[in-house]
Amino acid sequence: MAREALADLIRHAATVAQTSGLLPKVALPEFSVEPPSRPEHGDYATNLAMRLARAARMAPNAIAQILVSSMPPNDMVATAEVAGAGFINITLKPEYLGHRIASIIEEAGHYGNNNQGGGRRIQVEFVSANPTERLHAASGRAASLGAALSNLLRASGWQVELEYYVNDAGSRLAAFGQSILARYLAARGHVGPETEVPKDGYHGTFIAEYAQTLAASVGERYELMPMADAVAELARNGAEHMVALHRADMEALGVHFDVWFREQALHDRNEVTAIVDELRNRGFVSERDGAVWFSSTALGDDRDNVLIRSNGTPGYMTSDIAYHRDKFVTRGFDQVIDIWGADHQGHVGRMKASMQAIGIDPDRLTIILHQLVVLRRGDEIVKLSKRTGNIIALSDVIEEVGKDACRFFFLARSSDSQMDFDLELATREAAENPVYYVQYSHARTASIMQLAEERRVAHLTVDGPPSYSHPAEIALVRALIRYPEVVADAATNLEPHRLTFLAQEVASLLNAFYRDCRVLPSDRQPVEDAVIAARLTLVAATRAVLAHVLGLIGVSAPERMDRLDRPE
RNA sequence: GCGCCCGUAGCUCAGGGGAUAGAGCGAUUGCCUCCGGAGCAAUAGGCCGUAGGUUCGAAUCCUACCGGGCGUACCA
């Protein structure tokens, strides 16, 4: 990456200056090499001189001057100028830029990748909604975030597995089974209390529909069964039905999980009781009020957490600890990322404490909290009532807005920001979402290259690297060269939303270039062969970058798009 | 009360120690005989919630306060 190469050069210059006595021999501080805020300041700028000023007891400008004159000869830097309060503004050599752009095409498909991960194994677990109701719109955020993050990490040299955790055990499932049974009995013509969905049950219309079809297909089966057995079987089958729907929703969003992990599997293998024993052996278990507790306060958590309730059933956290032990110990992931909604924030400290308690470095577990999605229709807030139905289903949103716009929209904000999702605007978003702007730009590059083939100018060759001098060319070239740095930073910070902004920027620069710089000759505008070749190279490189970034986001990169005829 | 996130243009949001704070949408105005107008260019629109502090430098870090969201269960 250009940035890292420049940082090396600057460090080298500092060492040279220190050896020759121009600068005092103090330790080099951290410093930045970044695109300057204003393009006329060059390709990159560094603040090293300012950072060094205090320790060196010299004026930043003087240090900067020394660094510039100490810079070793190299193939990259055309000019390095001291500016402002002590910045060094660096402009790269045109030949270097040309070579880099040409190499993007050779690396197409993997240009933008890096090897931060070094082949280490990482698991990304996300969505993991209870199999007791349809996925609601907000799950689209976790899905888009998790899928893009996974792509980003894979592009950064990690070996990535995507996982969906299915809570198919526990007390919620019992309430689910009871809810189905009540609807089923009603569908079978019963009246009376047995047809009433329990207060903490599920009231969604899909359960009534499911029970309706069940009543027709299995007849009296569950009327004849002991109630406890009926509830258990209905819960199990209902959950499977729901998981299949979740899977279909994810597929509709283009999100594919490697593993659908069942909580029940942990119970079947006695790992849930085993984890209580392990915690007890390590001295993190106490008993009071007839229940068994995880002494997480001993590890800095704000309260203890129940492992076995006084009625003898395990608490929700118990299987979660066993589950995470399975990730690290049984399956041996180096790192694990969980993506949770902000309403689970209280669970973070507990989960980390539990890993520490069983001897797993809690830093191997990263929990990303995304803020919640506020659904609205215009000014009216659509209440997200968790267990009383009439939730906006994710499948409805995908159908209305489209998969690509959904993925892009949910990723267009930082996970730290609460997100407004206006259903009234959803259709309008479908037409005005910036995703189409980016896709259109990709289609435009494809179209230009197609036309170049037809006009037999696609393979013009010229000696030496392509040369770019027009401001619109330079701006685009810079963005493409910085692309791998954006990918690397997004991966380091686990912030895939940066990609959506980068994609829009590249698309915008391409369109400005397209307007100002003729690529192919026309009757009225001849273009020299060398310029055609250079510009086609730039178009192809842009296409490679747009295709790559859209791939990371999880949005298709179409060769062509149907023209929208705008009414006057 | 305590904990986490947020407060930046009319709206939705980027930027999270560095030079003159940005984008999309919305508003106004130009630009299609020529590579795709789902485009381009320009204009208007900001005490970066408030008040202190740290720093050569603060939208960015710290403290307090104000406002919004979410947690704070033997629910998950």
Side-chain angles (χ1 to χ4, degrees), chain A residues 32 34 36-38 41 45 47 50-51 53-54 59-60 83-87 89 128-130 132 167 170-173 175 200 288-293 302-303 305-311 313-317 319-320 341-349 369-372 374 386-387 409 412-422 425 428-429 431-441 443-444 446-452 455 497-498 500-501 504-505 507-508 510-512 514-525 527 532 535-536 539 560-566:
Chain A
S32 65
E34 294 172 332
S37 51
R38 304 187 67 76
H41 290 154
N47 65 351
M50 288 179 284
R51 300 302 307 274
R54 180 187 290 267
F87 288 101
N89 291 331
S128 298
N130 285 343
T132 50
N167 286 99
S171 64
R172 282 286 89 215
L173 214 67
D200 65 341
R288 65 174 176 276
D289 305 330
V292 179
W293 297 78
D302 50 3
R303 63 177 177 87
N305 295 271
V306 71
L307 290 171
I308 306 290
R309 300 187 192 98
S310 49
N311 70 8
T313 59
Y316 71 93
M317 202 190 168
S319 53
D320 263 10
D343 52 341
H344 288 69
Q345 66 192 238
H347 198 32
V348 173
L369 295 174
H370 63 82
Q371 295 299 310
L372 302 180
V374 179
K386 274 221 147 189
R387 282 159 194 159
F409 178 85
R413 285 143 176 76
S414 153
S415 55
D416 281 339
S417 281
Q418 191 170 303
M419 176 186 285
D420 273 25
F421 195 105
D422 188 339
L425 280 177
R428 241 161 45 81
E429 286 280 356
E432 293 160 14
N433 196 299
V435 69
Y436 295 108
Y437 178 73
V438 178
Q439 289 183 310
Y440 175 78
S441 301
R444 175 172 266 172
S447 168
I448 294 171
M449 291 169 67
Q450 172 71 31
L451 200 60
R455 297 196 187 166
H497 73 275
R498 298 184 187 207
T500 60
F501 291 91
Q504 291 178 78
E505 188 193 342
S508 171
L510 171 78
N511 287 320
Y514 173 82
R515 172 193 147 107
D516 291 343
C517 302
R518 189 84 207 172
V519 179
L520 302 176
S522 71
D523 294 342
R524 292 173 46 179
Q525 264 183 280
V527 184
I532 297 173
R535 288 182 175 166
L536 275 176
V539 168
R560 53 183 296 275
M561 293 175 80
D562 291 331
R563 200 165 194 149
L564 269 192
D565 286 314
R566 290 203 148 173

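Reckoned from all heavy atoms, side chains included, excluding hydrogens, waters and symmetry mates. All values derive from a computational prediction rather than experimental measurement.
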Q) Which dot-bracket string describes RNA chain B (Watson-Crick N1-N3 plus N6-O4 or O6-N4, or G-U N1-O2 and O6-N3, all under 3.5 Å; [ ] crossing; | other strand)? A) (((((((..((((....[...)))).(((((.......))))).....(((((..]....))))))))))))....
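Across all strands, A/Asp416 comes closer than 4.0 Å only to sugar-phosphate atoms, never to a base (heavy-atom distances). Residue A/Arg51 is in base contact, counting any heavy-atom pair closer than 4.0 Å across all strands shown. Within the nucleic acid shown, A/Asp289 comes within 4.0 Å of at least one base atom, counting heavy atoms only. Nucleic acid contact class of A/Ser414 (heavy atoms, under 4.0 Å, all strands): sugar-phosphate only. Within 4.0 Å of A/Gly170, counting heavy atoms only, lies no atom of the nucleic acid at all. In this structure, A/Phe501 reaches the sugar-phosphate backbone alone: every heavy-atom distance under 4.0 Å involves primed, P, OP1 or OP2 atoms, never a base. Counting any heavy atom pair closer than 4.0 Å across all strands shown, A/Ser171 reaches sugar-phosphate atoms only and no base atom. Residue A/Ala45 is classed as a base contact, given a heavy-atom separation below 4.0 Å to a base. Residue contacts for A/Pro521: at a heavy-atom cut-off of 4.0 Å it reaches no nucleic acid atom on any strand shown. When heavy atoms are screened at a 4.0 angstrom cut-off, A/Met50 is found touching base atoms of the nucleic acid. Contact annotation for A/Tyr437: backbone-only contact, meaning every heavy-atom pair under 4.0 Å involves sugar-phosphate atoms and none involves a base.
Considering only the side chain of A/Met561, B/A38 comes nearest among B/C13, B/A38, B/C35. Distances from the side chain of A/Tyr440 to the nucleotides B/C35, B/G39, B/C74 place B/G39 closest. Closest to the A/Ser37 side chain, of the nucleotides B/C74, B/A19, B/U12, is B/A19. Distance from the side chain of A/Arg444 is smallest to B/G37 among B/G18, B/A38, B/G37. Residue A/Asn511 places its side chain closer to B/C40 than to any other of B/C40, B/U20, B/G71. Out of B/C40, B/G15, B/C5, the shortest distance to the side chain of A/His497 is found at B/G15. Out of B/C34, B/A14, B/A38, the shortest distance to the side chain of A/Gln525 is found at B/C34. You'll find that the side chain of A/Gln504 is closest to B/A23, out of B/A23, B/U12, B/C40. Nearest to the side-chain atoms of A/Ser522 among the listed nucleotides B/C13, B/C34, B/A76 stands B/C34. Distances from the side chain of A/Pro434 to the nucleotides B/C40, B/G24, B/G18 place B/G24 closest.
Checking A/Ile448 against A/Ala291, the closest nucleotide of RNA chain B that is more toward the 5' end is the one next to A/Ile448. Across the interface with RNA chain B, nearest-nucleotide mapping of A/Tyr316 and A/Gly84 shows A/Gly84 to be the residue nearer the 5′ end.
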(Q) What verdict does the side-chain contact (heavy atoms from CB on, under 4.5 Å) test give for A/Leu173 and A/Thr132, after you've listed the backbone C-alpha separation in whole Å, the side-chain angles of each residue and the deciding distance to 0.1 Å? (A) CA-CA 7 Å; A/Leu173 214 67; A/Thr132 50; 4.0 Å; yes
(Q) side chain to side chain donor-acceptor pair (under 3.5 Å), that's the test. Do A/Ser128 and A/Asn167 meet it? Break it down for me. (A) CA-CA 8 Å; A/Ser128 298; A/Asn167 286 99; over 6 Å; no
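Using C1' as the reference atom, B/G67 and B/G49 are 7 Å apart when rounded to the nearest Å. Look at the C1' atom in both B/C61 and B/C74: the space between them is 42 Å, to the nearest Å. For B/U29 and B/A44, the C1' atoms lie 11 Å apart once the distance is rounded to whole Å. Atom C1' of B/U55 sits at a distance of 12 Å from the matching atom of B/C62, rounded to the whole Å. The gap from the P atom of B/U20 to that of B/G26 amounts to 32 Å, rounded to the nearest Å. When the C1' atom is compared between B/C47 and B/C35, the two are found 48 Å apart, to the nearest whole Å. B/A23 and B/C40: their P atoms are spaced 12 Å apart (whole Å). Here the separation of B/G30 from B/A9, taken at their C1' atoms, is 23 Å to the nearest Å.
The glycosidic torsion of B/C6 lies more than 90° away from 0, which places this base in the anti conformation.
A close approach under 4.0 Å does occur between a side-chain nitrogen or oxygen of A/Ser417 and OP1 or OP2 of B/A14. Here A/Arg54 reaches the OP1 or OP2 of B/C56: one of its side-chain N or O atoms lies under 4.0 Å away. Phosphate proximity of B/A38 to A/Arg560: absent, as no side-chain N or O sits under 4.0 Å from OP1 or OP2.
Residues passing the side-chain contact (heavy atoms from CB on, under 4.5 Å) test with A/Phe409 are A/Arg413, A/Met419, A/Phe421, A/Glu429, A/Asn433, sequence neighbours excluded. Annotation: salt bridge (Lys or Arg N to Asp or Glu O under 4.0 Å) contacts of A/Arg518 (sequence neighbours excluded): none. Every residue two or more places apart in sequence or in another chain was checked for a ring-ring contact (aromatic ring centres under 6.0 Å, His included) with A/Phe87, and none qualifies. A search for salt bridge (Lys or Arg N to Asp or Glu O under 4.0 Å) contacts involving A/Arg524 returns nothing, not counting sequence neighbours. Contacts of A/Glu34 classified as salt bridge (Lys or Arg N to Asp or Glu O under 4.0 Å), with partners at least two apart in sequence or in another chain: none. Annotation: side chain to side chain donor-acceptor pair (under 3.5 Å) contacts of A/Asn89 (sequence neighbours excluded): none. Checked against ring-ring contact (aromatic ring centres under 6.0 Å, His included), A/His347 has the following partners two or more places apart in sequence or in another chain: A/Tyr316, A/Trp340. For A/Asp516, the side-chain contact (heavy atoms from CB on, under 4.5 Å) partners are A/His470, A/Ala472, not counting sequence neighbours. Taking the side-chain contact (heavy atoms from CB on, under 4.5 Å) definition, one finds that A/Ala85 meets it with A/Met50, sequence neighbours left out.
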(Q) Walk along nucleotides 58-63 of chain B from 5' to 3' and tag each nucleotide B, S or - by protein heavy-atom contact under 4.0 Å, base first, then sugar-phosphate. (A) ------
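When atom types are taken as modelled, the side chain of A/Ser441 and the backbone of A/Tyr437 share a donor-acceptor pair closer than 3.5 angstrom.
With hydrogens and angles ignored, a donor-acceptor pair under 3.5 angstrom links the side chain of A/Arg515 to the base of B/C40. Below the 3.5 angstrom threshold, one finds a donor paired with an acceptor across the side chain of A/Arg524 and the base of B/U33. For A/Asn89 against B/A19, a side-chain-to-base donor-acceptor contact under 3.5 Å is present. Counting atom types as modelled, A/Ser310 pairs a side-chain N or O with a base atom of B/C74 as donor and acceptor under 3.5 Å.
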Using atom names, set out every protein N or O paired with an N or O of nucleotides 42-50 of chain B below 3.5 Å, distance rounded to 0.1 Å.
none

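Taking the 5.5 Å centre cut-off and the 30° plane limit, the aromatic side chain of A/His41 is classed as stacked on B/A19.
Expressed to the nearest 0.5 Å, how far CZ of A/Arg560 lies from OH of A/Tyr440 amounts to 12.0 Å.
Heavy-atom contacts from other residues, nucleotides or ligands closer than 6.0 Å to CZ of A/Arg303 number more than 12.
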